[in-house]
Every structure is written in structure tokens, then in C-alpha cells.
Amino acid sequence: MWGSLRLLLKLNLKGKLHVPQSKSIQPKGPARTRFAPSPTGYLHLGSLRTALYNYLLAKSTGGQFLLRLEDTDQKRLVPDAEANIYKSLNWTGLRPDESPEVGGPYGPYKQSERKSIYKEYADQLIKAGYAYKCYCSKDRLLHLRETAMALKPPTTVTYDRKCLHAPEGEEEFTFRFKSPERYEAFTDLLHGKLDLQPLVNPTDRRFDDFVILKLDGLPTYHFANVVDDHLMKITHVIRGEEWLAATPKHIAMYRAFGWEPPQFIHIPLLTSLTDKKLSKRQGDIGVLSMKDEGILPEALTNFAALFGWSPPRPEKGKPTSEVMSLEDLVSKFLLDHLTKGNAKVNDNKLHFFNKSHLLSRISEPSSLEKLVDETFPGFKKVTNGEFSKDFWSHLIQNVGPNVSSIQEIQNVHTYFFKEVDLAESKMPSEKEKCLSILQTIRRAQTSDSPFPVDDILKTNPELKKKDLFQAARFALAGGVSGITIPTLINILGYEKYVERLDNAIVFLEAEIL
Ligand code: GLU
């Protein structure tokens, strides 16, 4: 035994003790995580990714995923944002185990309904000397802020602690947290140890005594967040990097209460490919509007997961694929594979994922049926109920493998359910040639062999295969590409096919005259 200990010590001295280079940050036991949006806007890609990572961590460790609505900033509430958040999460399959909708043992899960809880905990801090009532007027506080900014160097902490020992007054008051001299350094699982201190001016000492309860009795984000994460037994907080700077404040409050803080993981910002903040045009659209554009939920979660996380390398000989369902993501998720750099959003990838997931839905009978059921109402609307569900299913099965979304069938390949408006279609470059090819096809086709390309080329060696297909595409689909001619004929049916050839012949004859 001594021998091996000596060996260890020796190795240690040489700096070669076998300690894993980077320790795994994946929790050993079940993680309780939460997604805590403020209903100040619709759910977008960035917040979906935050929700997703929290969901994946909880599910991959056998824990729970909570949804908590942080609605204490009453001025910034957007009326239908709350409903949008619930709908978006349900649609993407990130169903919370506890939430304002489904309830749970640590509710209520809406902060506006927890007012008395915050008051109780704020009083506790006052009693313990970690908080005090502040009676300062708005004007005084504004003046303090302005003078703080005018200092050289300026300071980000502005309050002068006038009310720290103020006697109980009659006026309105807020509760302030008595901040420590220095905030303690903390460990973020992704970024490592961080020592973040506010900027102070040594000649004009002010304090970071932030408000924890506002005049309206509602808590500020910082305070409610800490109280709730503790009471809801959250073990891991995954949130955007923009909250990193606030974390020392949160930890100071945990210490004041004597509570153990959760583990923190701050994930990088999403940016456009050119490193700019996401804009509406570049990827930053609401989750539900992506649904309306025909994006499948599993494609969206697949897309969002890869901004700042990558799956473990597959075993040797196994294929690599970035295409993953939500279940795949759960089975592969490890915190260790999160990355630090900003994540760039490339919409092309979303369309690639959508195509792949659409294909796998189509090839599996029960998921195909579900897809048909879900999308038929939309199709019915577009076609005024003229077509059956069977036809829609047939269309999805045959056209689906060639499109990147269901919406594309309804918006681009409309010639399957609407007459072709030849006058509005892309005209073939040589009308005479197109006309004569169509006439040739018309003469050569039979119901057994509606598009006998090889026969036509044999008897008309001057024709090119490409021109033949182009002419047929003009007549059948108004020139829209993407679907093969045999598929077009198969879906339209023989009679409609012949009718369209005839219509195009008549149309071109009139054009040429
Ligand atoms: N309510 C905050 C937000 O809207 C939550 C931040 C956090 O997760 O602590 O992003």
C-alpha cells in the first residue's frame, strides 16, 4: 500500500498523476432543471435552445424538467406570450413535468402568484441583516445613477446606502439586498472559475445594493429567481450567457439564506453566420411561425440542439449522422459536449434536417398517418375541400421525398390540385419546338405507356431527351421543377395527363399565331 502511495506522490510531483485531464461535468444523479421565460415576447430559436438543453439534461439523467413563468415585470408583459410559450413547448415535444399548465408539488409556477412567498423570504433577509427597506424617492435614485455615470472612472454600482439604517417610515419603500464587499468567485460548469466584480470608483464608494422587492410588492428577477430555484429544488441552471454577470448576485443571496446554489451553465449566444445578432430575417423567427412554414418539430429540435452542443463521436465503424430525433438527443446528451464559442445560425441546415425528418416520417406507416392527419386540415383549406385525405396521403408519399417541407407541396407544387395557368407559367424558350414535341408525345402515348421517351427518341433522333422533359413539364406543371415526369403522371392520372397535354398544345398554337 505504501508503495503505491509513494508512487502516486512521485507521479504527482512530476505533474503526471493520473487525474483525468478534464473532469466530466455530467451529473451523476437525476437533474432537476427549469426553463424560466418571461412572457415578454414569443418563443424564439434562442430561448427554445435554452429550454431544450434543460429538457435534455433532465431527461438524460432521469430527472425532471420544469417550466416557470417569470412574469413579475408587469410593464413588459405581452398579452398572448404566455399562451405562445405553452403552445411552442408542447408542439416541439418539450413537455414540462411541472408547469403552470400541469401543476406540480412546488407550485404555483407563475411568479405573479407567489407574491406572499417572496415577502416571507425578504422579511427573513431583513431579520438576518442581509436586507433593508429603502425609502429613497425616484428622483434621488435617478440623481445617484446620473452622478455615478459621470464619475471618472464611472461605476456600475450606484446606491449610497442612505437607508441602510433608516428608521421605519410611513412612505413607500423597496427592499434592498445588502451586497457583500466582494462577490465570491464561482464555478460555471462550462466556463470554469470566474471572479466577476462590478466596476467601482474607489474615491466615491457606492454599493451594489440591488432591489429585491419593488414598490408594488413584486420581486425583481434576481430575487425571485433565487428563491424559486431553491424552493423548486433546481439542481442545474442552464441559461444564456447574458445572465453570467448577474450570477455573483444570485450566489450572494444563496449564501445569505444559507442555501446551496445550483450548478450554473451559461450557454453562448446565437449569432448569424456573419457574427451579427440574430435578426428577423436571419433565423430569428418565432417557433410557431416555423411550424406554419412546414418545419417539423423534430427538425427544429435537431437544429437547435447543435448550436453549442455536439453528439459524442460514434464508435469506430458506426456511421456519423447529425440527424437526430428528440429521443436520440436524450440518449446522446452529455453536458461534456457543450461548446463555449458563439453558435452561428445557418438556415440551410434547418431545411436539410427538415427534409431528412420528413423522409423518415414518410417511410414509417404510423408516423406517416400522424403526419397526414396533422396536415390534412391545412390542405383542405387550400383546396376548398375538393380532395380526399387518401389523395393527400398519396401526394405526401410520392412528392414528400422530393421537397423540404409539407408546406412546399401546398405552396409550390400546386398543379397537383389546381389547373395550371399556362399564361402565368415560365414559357419554354422555343415555343414552336415545344409545341411540336408535345404533339409528338400526344401521338406516341397510350394508356399503357403514357410517356414513351425511348420510343419517341428512336423515331425522332433529332430530339433531345432534355427538351422532351422540359416540354412535358411545361404542360403538366407549368414548368415547376422538382418532381419527375412519371411521378407527375402517376399522381395526376392518365386522363388529367392527356387533358393537360391537349391544353398546352391549344395554348401554344394560340401563342404562335
Ligand atoms: N426570466 C429570465 C429570462 O427571461 C430567466 C433567466 C434565467 O434562466 O435565470 O431569460
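In listed order, ligands and their atoms are each counted from 1.
Among all protein heavy atoms, the one lying closest to atom 4 (O) of ligand 1 is S38 OG, 3.2 Å.
With salt bridges taken as basic N to acidic carboxylate O contacts below 4.0 Å, one links E298 and R361. Between D97 and K59 there is a salt bridge, since a side-chain N of the basic residue sits under 4.0 Å from a carboxylate O of the acidic one.
Atoms of ligand 1 found under 4.0 Å from any heavy atom of N225, numbered from 1 in the order shown, are 7 (C), 9 (O). Taking a cut-off of under 4.0 Å to the non-hydrogen atoms of E70, the atoms of ligand 1 that pass are 1 (N), 2 (C), 5 (C). Listed by number with element, the atoms of ligand 1 under 4.0 Å from a non-hydrogen atom of Y221 are 2 (C), 5 (C), 6 (C), 7 (C), 9 (O).
The closest approach between any non-hydrogen atom of R34 and ligand 1 is below 4.0 Å.
Nearest approach of A148 to V157, heavy atoms of both residues: CB-O, 4.4 Å.
Taking only nitrogen or oxygen atoms, main chain and side chain alike, A36 reaches within less than 3.5 Å of ligand 1.
Judged purely by atom type and a 3.5 angstrom limit, T414 has no side-chain atom pairing as donor or acceptor with the backbone of N411.
Ring-centre distance between F186 and H191: not below the 6.0 Å cut-off.
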